[in-house]
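Notes follow the structure.
Protein chains get the first letters and strands the later ones, always in sequence-line order, with residue 1 at the start of each. Computed from a prediction, not measured in an experiment: that's the story for all the values here.
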Protein chains: 2
Amino acid sequence: MDLDRAAGRLRAGGRRVTAQRRAVLRALTELGCAADAEEIHGRARRMHPRIGLVTVYRTLEAFTAEGLAQSVFLGDGRTRYEATEQGRHHHHLVCLHCGRIATTDECTVQPLEGTILRRGFEVTAHRLELFGYCARCRTRR
Amino acid sequence: MDLDRAAGRLRAGGRRVTAQRRAVLRALTELGCAADAEEIHGRARRMHPRIGLVTVYRTLEAFTAEGLAQSVFLGDGRTRYEATEQGRHHHHLVCLHCGRIATTDECTVQPLEGTILRRGFEVTAHRLELFGYCARCRTRR
DNA sequence: GTCTAAGTGAAAATCAGTTTCAATAAGACA
DNA sequence: TGTCTTATTGAAACTGATTTTCACTTAGAC
C-alpha cells in the first residue's frame with residue numbers, strides 16, 4: 001500500500017493524514033503479516049519516537065475502517081494487523097511448535113460461499129487460519 | 001459428547017470428574033455452538049449453583065486440552081467454546097447485521113491442506129469463519 | 001476409612017484494548 | 001500567509017476478559 005493511495009483513502013473518509021499515521025502505515029508494510037499492536041508500535045517509533053501505543057490502536061482502527069488494514073486472530077488473545085493487498089488475500093499457516101507464521105495465497109473457500117449463498121446467507125468475507133507443523137519442526141522432532 | 005466418554009477421557013488425562021465439570025459439559029452441549037464463558041457459567045449454574053466463573057474457565061481449558069471442547073474466535077474479543085463432535089467439524093456463519101451465528105457442515109479446506117503438505121507444512125487443524133448477511137437481514141435492508 | 005494431589009471459590013492481579021480530557025496540529029478558507 | 005475549526009494526539013484512568021494466588025475441599029487410589 002503506497003502512501004499516496006493510503007492518504008487519498010484517509011482524506012476520502014474525512015480523516016487527516018498525520019506523521020503518526022504515516023509511521024504506522026510504514027510499520028505495517030515493513031512488518032509484513034499478522035503483527036500485533038505492540039510490534040507495530042515498536043516499529044512505528046523508529047520513525048516517530050513520540051507516538052503512543054494508544055495512537056497506534058486508534059490508527060489501526062481507522063485504517064481498518066478505511067480498508068487500508070485488516071485484523072487477524074490467531075487465538076493467542078491479541079488482535080494482529082496487516083496491510084490489505086488490493087484484490088488479493090492470503091491465509092496464515094501457524095506452526096504449533098515454533099509459532100512461526102507462514103502464508104498461502106491459495107484459497108478454496110469460494111465454492112463454499114456459493115453453496116452457502118444458495119441457502120440465503122450472503123458471504124462478504126471469510127477468515128481461514130491453518131495450524132500444524134512447519135517443515136523445520138516436522139523433521140526435527 | 002456423552003458423560004461416560006467424557007469422564008473416561010478426563011481420567012485418561014489424569015484429571016478428576018467433578019460435579020462442576022459435569023455441569024459445564026452439560027451446559028456446553030445444551031448451548032450448542034460458540035457459547036462464551038459467561039453464557040456457559042450461567043447455564044452450568046442451573047445444575048450446580050455454587051460453581052464460580054473461574055472454575056468454568058479452568059474447566060474449559062481442561063476440556064480443550066483433552067479434546068472434549070474447542071475454542072472459536074469470532075473477533076468480538078472473547079473466546080467462545082463448543083463441545084467437539086467426534087470425526088466431524090463445522091464452520092460458523094456470522095451475520096454482520098444481527099450477530100446471529102449459523103453453521104455449515106460443508107468444508108472445502110481439505111484439498112488446500114494437501115497442497116500445503118506438498119510444501120512441507122503439515123496441517124493438523126484449521127479454523128474457518130464466514131461473515132456476511134443472513135437471509136433475514138438481507139431481505140429486510 | 002485414609003491420604004494425597006487435583007480441584008475449587010473468592011479476591012487480587014494481569015493484560016489487551018478503550019475512554020477521557022486537555023493540548024496540538026491538519027487543512028479549509030480568507 | 002494567517003486564522004479557525006475540528007480531527008488527532010498523549011497520558012492517565014478505566015474496562016472487561018481471563019489468569020493467578022492461596023487456603024480450603026474432595027475425587028479416587030490404596
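A/Arg127 is linked by a side-chain hydrogen bond (donor to acceptor under 3.5 Å, both in side chains) to A/Ser71, counting only residues two or more places apart in sequence or in another chain. By the side-chain hydrogen bond (donor to acceptor under 3.5 Å, both in side chains) test, A/Glu113 is found to be paired with A/His126, residues two or more places apart in sequence or in another chain being considered. In terms of the salt bridge (Lys or Arg N to Asp or Glu O under 4.0 Å) criterion, B/Glu61 has no residue partners (sequence neighbours excluded). Listed by chain and number, the residues in a side-chain hydrogen bond (donor to acceptor under 3.5 Å, both in side chains) with A/Thr108 amount to none (sequence neighbours excluded). Applying the ring-ring contact (aromatic ring centres under 6.0 Å, His included) criterion to B/His92, with sequence neighbours excluded, gives B/His90.
By the neighbour-count criterion of 12 heavy atoms within 6.0 Å, atom CD of A/Gln86 is sparsely surrounded, having that number or fewer from other residues, nucleotides or ligands.
Within the structure, salt bridge (Lys or Arg N to Asp or Glu O under 4.0 Å) contacts touching residues 116-125 of chain A (residues at least two apart or in different chains) are A/Arg119-B/Glu106, A/Glu122-B/Arg138. Within the structure, the salt bridge (Lys or Arg N to Asp or Glu O under 4.0 Å) test picks out the following pairs touching residues 65-81 of chain A (sequence neighbours left out): A/Arg15-A/Glu66, A/Asp36-A/Arg78, A/Asp76-A/Arg78, A/Asp76-A/Arg80. Applying the side-chain hydrogen bond (donor to acceptor under 3.5 Å, both in side chains) definition to pairs two or more places apart or across chains, those involving residues 39-60 of chain A are A/Glu30-A/Arg43.
As rounded to whole Å, 9 Å separates atom C1' of D/dT9 from atom NE2 of A/His48. Atom P of nucleotide D/dT20 and atom CD of B/Glu61 are separated by 8 Å, given to the nearest angstrom.
When all heavy atoms of A/Glu82 and A/Ala34 are compared, the closest pair comes out as OE1-N, 3.0 Å.
Across residues 35-45 of chain B, not one residue has a non-hydrogen atom less than 4.0 Å from an atom of DNA chain D.
Residue A/Gly52 is the one, among B/Tyr57 and A/Gly52, whose nearest nucleotide of DNA chain D lies closer to the 5' end (criterion: closest heavy atom).
With contacts defined as side-chain heavy-atom distances shorter than 4.5 Å, the pair B/Leu112/B/Val123 does not qualify. A/Tyr81 is not listed as a side-chain neighbour of A/Val72, based on a closest heavy-atom distance of 4.5 Å or more.
Looking at B/His91, its side chain does come within 3.5 Å of a backbone N or O of B/Leu128 through a donor-acceptor pair.
Counting any heavy atom pair closer than 4.0 Å across all strands shown, B/Ile51 reaches sugar-phosphate atoms only and no base atom.
Axis angle across the helix from C/dG1-D/dC30 to C/dA30-D/dT1, with five pairs used at each end and values rounded to 10°: 40°.
The span of DNA chain C lying next to chain A, judged by atoms under 4.0 Å from heavy atoms, is bounded 5' to 3' by C/dA16 to C/dG27.
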Next item on the list: For nucleotides 21-30 of chain D, just jot down a letter per nucleotide in 5' to 3' order: B, S or -, based on protein non-hydrogen atoms under 4.0 Å.
Entry: B----BBS--

